[in-house]
Amino acid sequence: WHFDEGEGPVAYDATTQHNNGNIYGATWYDSDGGRWRDVDQRFSTGSCLVFDGNDYVDCGNILPGAALTVEAWVYPTDVTDETTIVSKRDDLAGNYSYVLRLAAGGTPEFVIYDGVGDKTASGDSPCSIGTSYHIAGTWDGSTVSLYVNGVLQADTDTAGSINSST
């Protein structure tokens, strides 16, 4: 999902899997308003989705296989509270598979729930308000890793398979 369609209620899956996402509450911006000026980033349409804390995109029940990479460009405007960037969860039961987030205070984290417990890779330092970051979490079946702007921040071993909440 590139989140660069520029209009409409759907974020289209860029793969052949056709897991299009329904957009709830997020706002399309036709231009980036200067938010990406500190990063050499090119967008195909010049548009992006902006989330204000309660917005989300529901991409359906996508369960990870033997490996997983979750990534996003973020531009924090408030780091007071924990902010979920991307997650796979079941709202009814509260079960998670993974979550990429900014912890309260702005430190990026990637958490895998592996059947044994939470496995967290945390960033070296908090994200600053008004600065763009590329944050990526990976899981290869045995290690959870967190990257910020392409630099490995942390990794931790996992013992079990990823929780496959529905």
Rounded to the nearest 0.5 Å, how far does OH of Tyr98 lie from CG of Asp118?
-> 15.5 Å
Are side-chain N/O atoms of Ser142 and Asp140 paired as donor and acceptor at under 3.5 Å?
-> yes
Do you know which two heavy atoms are closest between Cys127 and Pro76, and how far apart they sit?
-> CB-CG, 4.0 Å
What are the two closest heavy atoms between Val144 and Thr158, and how far apart are they?
-> CG2-CG2, 3.2 Å
Are Leu146 and Ile135 side-chain neighbours, meaning at least one heavy-atom pair lies under 4.5 Å?
-> yes
Taken in chain and number order and not counting sequence neighbours, the residues that satisfy side-chain contact (heavy atoms from CB on, under 4.5 Å) with Thr84 are Ser87, Val99
Is the backbone of His134 close enough, under 3.5 Å, to the side chain of Tyr147 for a donor and an acceptor to pair up by distance?
-> no
Taking every non-hydrogen atom, the tightest pair across Ser122 and Ala154 = O-CB, 3.2 Å
Report yes if the side chains of Val74 and Thr83 come closer than 4.5 Å at any heavy-atom pair, otherwise no.
-> no
d(Phe110 CZ, Thr120 OG1) to nearest 0.5 Å is 10.0 Å
Step by step, work out the side-chain contact (heavy atoms from CB on, under 4.5 Å) result for Leu102 and Tyr133.
-> CA-CA 11 Å; Leu102 296 181; Tyr133 297 88; over 6 Å; no
Can you measure from OG (Ser145) to NZ (Lys119) and round to the nearest 0.5 angstrom?
-> 14.0 Å
Any donor-acceptor pair under 3.5 Å linking the side chain of Gln153 with the backbone of Asp124?
-> yes
Contacts of Asp78 meeting side chain to side chain donor-acceptor pair (under 3.5 Å) (sequence neighbours excluded), chain-then-number -> Thr80
Which heavy atom in Pro108 sits nearest to a heavy atom in Ser125, and how many Å separate them?
-> CD-O, 3.5 Å
To the nearest 0.5 Å, what is the distance between CD1 (Ile85) and CG (Leu100)?
-> 4.5 Å
Minimum heavy-atom separation for Thr77 to Ile129, with atom names?
-> O-CG2, 3.8 Å
Taking atom CH2 of Trp139 and atom CG of Asp155, what is their separation to the nearest 0.5 Å?
-> 15.0 Å
